[in-house]
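Structure, as structure tokens:
Computed over heavy atoms, backbone and side chain alike; hydrogens, waters and symmetry mates excluded. Letters go in sequence order (proteins before strands), and every chain restarts at 1.
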Amino acid sequence: MEIPKTYNPSAVEDKWYKYWLDNQFFKSTPDEREPYTIVIPPPNVTGVLHMGHMLNNTIQDVLIRRARMQGKNACWVPGTDHASIATEAKVVNLLKEKGIKKTDLTREEFLKYAFEWKEKYGGIILEQLKKLGASCDWDRTRFTMEEDMSEAVIDVFIDLFNKGQIYRGVRMVNWDPAGMTAVSDEEVIHKESNAKLFYVSYKLVNEDGSALADGDSITIATTRPETILGDTAVCVHPEDERYKHLKGKYAIIPFAARKVPIIFDDYIDMEFGTGALKVTPAHDINDYNLGVKHKLEVIDTIAANGTMSEAAGFYIGEDRFAVRKKIAKDLEEAGHIVKIEDIKNKVGYSERTDAVIEPKLSMQWFLKMDKISKPALDAVLNGEVKLIPDKFVNTYKHWMENVHDWCISRQLWWGQQIPAWYDDKGNFVVAKTHQDALVKYKTNYPDSTILSLKQDEDVVDTWFSSWLWPISVFDGFKDPENADIKYYYPTNDLVTAPEILFFWVARMIIAGYEYRGQKPFTNVYLTGIVRDKLGRKMSKSLGNSPDPLDLIAKNGADAVRMGMLLTSPAGNDLPFDESLIEQGRNFNNKIWNAFRLLKGFEVDENKAQPENNKLACTWFQSRFNQQLAVVNDLYSKYRMSEVLMTTYKLVWDDFCAWYLEMIKPDFVEGKAMPIDAKTYHQTIGYFGNLLKLLHPFMPFITEELWHLIEDRKDNNCIIVAQWPVEAIIDEEILDGFAHAFEVIQQIRNIRNQKGISPKEQLQLMIKTSAIDNSPLNAIIQKSANLSSIALVNDKPQAALNFMIGTVEYFVPMAQSIDIDAEKIKYQEELNYLKGFLESVNKKLSNEKFVANAKPEVIANERKKMEDAETKMKLIEEQLAALIN
RNA sequence: GGGAGAUUAGCUCAGCUGGUUCAGAGCAUCUGCCUUACAAGCAGAGGGUCACUGGUUCGAACCCAGUAUCUCCCA
């Protein structure tokens, strides 16, 4: 059968994925082996696979596959989260297209639509992960809104409420007028934008309303004139000379004609604007704080949907941004505008709907964070939970030490409904069911005759369910002593993006200690953000992200996986370029062709193993073991791209370029000689070991070749093959070959410079007294295509020379040798060595160096000196010979 | 405004506790090759004032201070 010259992944990948599934290689159940567990960061149920997922899940799959090969019981739990805001927005839009308004539906009807939507589209992203090769235990797939997981969320809410950790309160929240819900601080994206700064004059009056004698107005600066109608004070700095005389005076709000006090507070930045700030406690967090401090009236002039409310008194029902323009014009006409400046400021946008966030006072549920977060802070500081890279520890610490209470309610239907039950007077109890609530209510309010309570309309934040993920995927709430949770928890590694270090990772650690008394995972590997060439984050909205599935279809999953991991050190951004995938594809092809070579060998079972091949085998064995140790060490440090690069070079350079060339049989009269059986079988063994090292990165091609290179039984798959065991490294052999390779490279270099074809045989002479490198001479002879290697005492006539270490080599040349060029070469070398020797001598003659440096450092300097002197002597001899 | 991090070859990155002939890797580039596994390849080569300015030290890419630029987080 003819083996194609290039590797074709598309035929291979689906076949093996199905084979792995059919043989249940991804499946995990508790047993006596050591567990190795990863819970997936559940992708958003509305999501489709993007480059960030690719990176993230490839890393998880690499870790899982390696652990599996190490004989651990590897369990990767997949699933999705319900993403309240995003999903509800999707469903609302879908209904709108059908002509159905959300407000016309009951909660139950709406949820029915939402679940239908989830059933239809919610699993897409998981199917896409399969194309990538993700070896998740799909039987364990979970969803944050499924019944058991939701029950856990409600139980946790009730528990925390009973512990006094959850409270209800009025707070300034980030209101998303499009989503009609509060969002957390972390879900607000601040963007720089161009704005206008309006300078507006307010009339000043005395307490009794009479005009002031001197000057009659104060000018404030604001970017939000539409909030003027909610102003309840004007604030200036107590030290500000311009305004000191206004103590006890009042300002009149335009249009509203309200009389509000001039207050004094050193919060004010005297430099900004006019140094006078209009105070709108209902619509700005800082103003709100001022309002609390100075006991100001709060007038909420903007309604939930972003239009002016009744309380505004003017422009009622009109959108806030329309009103901004309108009121500016009206103020202008009324003579209140002093000037308008262009400025840049930061405006908050909702991560989910992209609407401009409106700070708004509203009644929300909060989780107190001060006490509950303490163990989670300690765990990271004392290294019980490791962040990789550890530079994130600082960020984590800073956040956890300044943590705000967590606003956990959302004004949505898609999510777990808050288990709080109200009577018509606003009294409430927290309970799991209506029945429980009534019982509790009777106890708390024995005088009430009420027969039914109304459940809170809101749901909890999605993170309030996903923070339980590492516990709830193993049913650790429903059945805290079950076999799964006891076996798999705490999990080992979590792989996620730094963006959600706080809203998810920190909170999972908190929940872990609160509910299991244990960390949820040991290592948190924080990936970078995948960016395009211009440094922009790859996102659907920018349209700068290639479709991962197209990339897979075009290049194969193995090539894409490799491309993703080639340049992605933990925590650093990954500037993605399709050429990286090309490199992955080329590498696949290289491996494929190594296989073709091996498969093409004719094996002679009776032929004895030649010395050359025996040596080559010994060398490769040691080289492999040496690099295996490096790889294992790099894995332990989670340096994935370095693992990959090390393996890449081991395969390409050491195995293909050196080893295979050494053992490749000669051609005699146009026909390849057979290879001896021993070398052949050893080589197949090495190739298998290399495939194992590659498997976590390139699962498909390695599985394919695993089966093509040898006949194996059905269950003998590389996915479950044993990871190679570290073995002895013969340093002497490695050094000897390193030296031999240098000699070969020098000879090839000479060929290149002199334009001598690789086919033309050359001679090599080695100056004796040098080390006896003879066992490797045969190898050098073959790889450099030499007719002979001879030992000589003196430099032969008409020969080029080079030095490796302190050994001199000569290559006789039929061609004339440019003596001047040779002289210059020697002279340059000599000059370099002179300078080098000088610097070494300077060190050694420095008393302080000799006194302070470590003994081995000094010994090293001495050796450097000696080596340099020997070399210089040799070069001087050669120079002298040339001149004669 | 506050905090964190970064700056090393054309690009993307390593460089541990300051000391090995210490300035490295991959890609890209250049030169020569379609040599019987692979041109998605082979052989070889050239690229750097380690952002800048000072300091500490016998010795600095590495430690310290300042400056510049960039990124991220928070307000």
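- When all heavy atoms are compared, the tightest approach of A:Tyr396 to A:Ala376 is OH-O, 2.9 Å.
- A:Arg751 comes within 4.0 angstrom of no nucleic acid atom, judged by non-hydrogen atoms across all strands.
- Using a 4.0 Å heavy-atom criterion, one finds that A:Tyr648 contacts the sugar-phosphate atoms exclusively.
- Which of B:G26, B:A37, B:C58 sits closest to the side chain of A:Glu661 comes down to B:A37.
- Here the nucleotide nearest the side chain of A:Asn394, chosen from B:A4, B:C38, B:G44, is B:A4.
- Remark: the A:Tyr525 side chain and the A:Thr496 side chain contain no N/O donor-acceptor pair separated by less than 3.5 Å.
- Summary of the strand contacts: A:Phe587 and A:Ala868 both lie near RNA chain B, and taking for each the nucleotide with the nearest heavy atom, the more 5' one is attributed to A:Ala868.
- A donor-acceptor pair is defined here as one N or O able to donate and one able to accept, closer than 3.5 Å; such a pair exists between the side chain of A:Asn785 and the backbone of A:Pro758.
- When all heavy atoms are compared, the tightest approach of A:Ala559 to A:Arg585 is CB-N, 3.5 Å.
- Residue A:Lys637 is the one, among A:Val840 and A:Lys637, whose nearest nucleotide of RNA chain B lies closer to the 5' end (criterion: closest heavy atom).
- What separates CE of A:Met564 from P of B:C13 is a distance of 13 Å, to the nearest Å.
- Contact annotation for A:Glu499: no contact, since no heavy-atom pair falls under 4.0 Å across all strands.
- Across B:A40 and B:C34, the matching P atoms stand 15 Å from one another, rounded to whole Å.
- A gap of 12 Å separates the C1' atoms of B:A23 and B:U49, to the nearest Å.
- The residue A:Glu642 sits close only to the backbone: its heavy atoms come under 4.0 Å of sugar-phosphate atoms, none of a base.
- A:Arg585 comes within 4.0 angstrom of a nucleotide base, judged by non-hydrogen atoms across all strands.
- In this structure, B:G47 is classed as syn because its glycosidic torsion stays within 90° of zero.
- Looking at heavy atoms from C-beta onward, A:Leu844 lies in side-chain contact with A:Ile858 at the 4.5 angstrom threshold.
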Symbol by symbol from the 5' end, with Watson-Crick or G-U pairs under 3.5 Å, [ ] crossing and | another strand, RNA chain B is (((((((..((((.....[....)))).(((((.......))))).....(((((..]....)))))))))))).
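- Counting any heavy atom pair closer than 4.0 Å across all strands shown, A:Asn589 reaches a base atom.
- For A:Lys873, there are no salt bridge (charged side-chain N to carboxylate O under 4.0 Å, His left out) partners at least two apart in sequence or on another chain.
- Heavy atoms of A:Glu760 sit nowhere under 4.0 angstrom from any nucleic acid atom.
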Review item, side-chain donor-acceptor pairs of residues 588-595 of chain A, under 3.5 Å, at least two apart:
{"residue": "A:Asn588", "atom": "ND2", "partner": "A:Gly584", "partner atom": "O", "Å": "2.9"}
{"residue": "A:Asn589", "atom": "OD1", "partner": "A:Tyr7", "partner atom": "N", "Å": "3.1"}
{"residue": "A:Trp592", "atom": "NE1", "partner": "A:Pro4", "partner atom": "O", "Å": "2.8"}
{"residue": "A:Asn593", "atom": "OD1", "partner": "A:Arg596", "partner atom": "NH1", "Å": "2.8"}
{"residue": "A:Asn593", "atom": "ND2", "partner": "A:Lys5", "partner atom": "O", "Å": "3.3"}
{"residue": "A:Asn593", "atom": "ND2", "partner": "A:Asn589", "partner atom": "O", "Å": "3.0"}

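- Using a 4.0 Å heavy-atom criterion, one finds that A:Lys664 contacts the bases of the nucleic acid, with or without backbone contacts as well.
- Contact annotation for A:Lys759: backbone-only contact, meaning every heavy-atom pair under 4.0 Å involves sugar-phosphate atoms and none involves a base.
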